[in-house]
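As the structure is a computational prediction, the values presented were derived from the model and not from experiment.
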Amino acid sequence: MSNSSLLDRFAALDSAAVSDALDQLGLAPGVGGLRPVWGPAAVVGFAVTVALEPRTEGPAGAHIATTAIEGSDDRSVIVVDNQGRTDVSCWGGILSLGAARRGVRGVVADGVCRDVAEARELGFPVFSRGSIPATARGRLQQRSTGEPVTVAGLTVEQGDVVVADETGLVVVPRDRAEEVAEIAASIVARERAIADEVRAGAPLSRAMHDARLAGAKESVR
């Protein structure tokens, strides 16, 4: 399956269905706490990872995340590990502009951002723990890009599938992605059938039975 086809399959899902599929496979389920900062949004893409750390003395280098953006494409989601800090922005308007021009699908930052209006004007999805005006300049530096990071307690490796929406964040290991997509799609189909029965007047306790939600093959009475 091509990478684009795989992302299309995940784009038809939501974080809850993917989280349930991960649960079934004994993988880390989804997490909350990272929200779209300017309006309803959902992003699906391959992770391009960035790890930040407090600024130390020394010569100034490229601004945080710029090299990651330059190495991204229209299937990428930038994933920023700033250890959940809420006292300094780890993403801003010029980064949103540069990422949008590369076709990047969005950013998920375990920290806070600034320039929310600029991201909104670009239509560029930003997920973070909130917003703050304080700049990263002089406060943060890039530790790595392309290396494994931790975001909201989840390990994210370069190329993993990232799904973020208004409910939360899920991270799918790249080598399990097709399996997870297949299971999640079956979960969605099952829950839609249950919802149709409820709309048709079936008692909730009969339609929404734990065994059925879990995909048990035996009939539920």
Side-chain angles (χ1 to χ4, degrees), residues 30-160 162-166 168-171:
V31 297
L34 304 180
R35 303 279 297 168
V37 299
W38 56 260
V43 293
V44 174
F46 296 118
V48 175
T49 59
V50 178
L52 306 180
E53 62 186 4
R55 181 85 169 91
T56 58
E57 293 300 323
H63 192 277
I64 60 173
T66 54
T67 54
I69 292 169
E70 289 172 350
S72 297
D73 59 24
D74 60 0
R75 297 175 299 184
S76 301
V77 172
I78 307 292
V79 178
V80 181
D81 175 6
N82 196 33
Q83 300 88 49
R85 286 182 61 176
T86 58
D87 61 327
V88 55
S89 170
C90 64
W91 188 269
I94 298 177
L95 291 178
S96 290
L97 175 61
R101 288 183 60 82
R102 292 286 299 177
V104 173
R105 297 183 175 205
V107 61
V108 175
D110 193 0
V112 290
C113 67
R114 70 182 201 164
D115 304 322
V116 174
E118 292 178 37
R120 182 176 62 245
E121 289 167 5
L122 289 165
F124 184 76
V126 176
F127 289 76
S128 75
R129 295 189 179 277
S131 58
I132 193 172
T135 181
R137 289 189 300 278
R139 297 187 174 98
L140 296 175
Q141 64 187 23
Q142 185 168 293
R143 184 174 76 245
S144 67
T145 182
E147 298 297 322
V149 297
T150 301
V151 173
L154 296 177
T155 298
V156 187
E157 296 193 15
Q158 183 92 350
D160 284 349
V162 174
V163 179
D165 57 25
E166 293 175 273
L169 167 70
V170 288
V171 176

**Report entry** Option among Val50, Val112, Leu52 that satisfies the side chain to side chain contact (heavy atoms under 4.5 Å, CB included) test with Asn82
**Finding:** Leu52
Less than 4.5 Å apart, side chain to side chain, heavy atoms only: is that true for [X] and [Y]?
| X | Y | answer |
| --- | --- | --- |
| Glu118 | Leu97 | no |
| Thr135 | Val88 | no |
| Val151 | Leu34 | yes |
| Cys113 | Val126 | yes |
| Cys90 | Arg139 | no |
| Glu166 | Pro40 | yes |
| Val77 | Val104 | no |
| Glu157 | Val149 | no |

How many angstroms lie between atom [atom1] of [X] and atom [atom2] of [Y], to the nearest 0.5 angstrom?
| X | Y | atom1 | atom2 | value |
| --- | --- | --- | --- | --- |
| Glu53 | Arg85 | CD | CZ | 11.0 Å |
| Leu95 | Ile69 | CG | CD1 | 4.5 Å |
| Leu169 | Arg35 | CG | CZ | 12.5 Å |
| Ser96 | Leu122 | OG | CG | 6.5 Å |
| His63 | Ile94 | NE2 | CD1 | 8.0 Å |
| Thr145 | Asp81 | OG1 | CG | 11.5 Å |

Query raised in the report: Any Lys/Arg nitrogen of Asp73 or Arg102 sitting under 4.0 Å from an Asp/Glu carboxylate oxygen of the other?
Result: no
Query raised in the report: What do you reckon, is CZ of Arg137 surrounded by more than 12 foreign heavy atoms closer than 6.0 Å?
Result: no
Query raised in the report: Is it true that the side chains of Thr49 and Gln158 contain a donor and an acceptor less than 3.5 Å apart?
Result: yes
Requested in this report: Verify whether one side chain among Trp91 and Ser128 offers a donor that lies under 3.5 Å from an acceptor in the other.
Outcome: no
**Report entry** Which atom of Ser89 lies closest to which atom of Leu140, heavy atoms considered
**Finding:** O-CD1, 3.6 Å
Query raised in the report: If every non-hydrogen atom of Gly39 is compared with every non-hydrogen atom of Pro36, which pair is closest and at what distance?
Result: O-CB, 3.2 Å
Query raised in the report: How far apart are the C-alpha atoms of Ile132 and Arg114, what are their side-chain angles, what is the distance that settles it, and do they pass the side-chain contact (heavy atoms from CB on, under 4.5 Å) test?
Result: CA-CA 5 Å; Ile132 193 172; Arg114 70 182 201 164; 5.5 Å; no
Query - Donor-acceptor contact present, side-chain Asp160 to main-chain Ala47, <3.5 Å - result: no
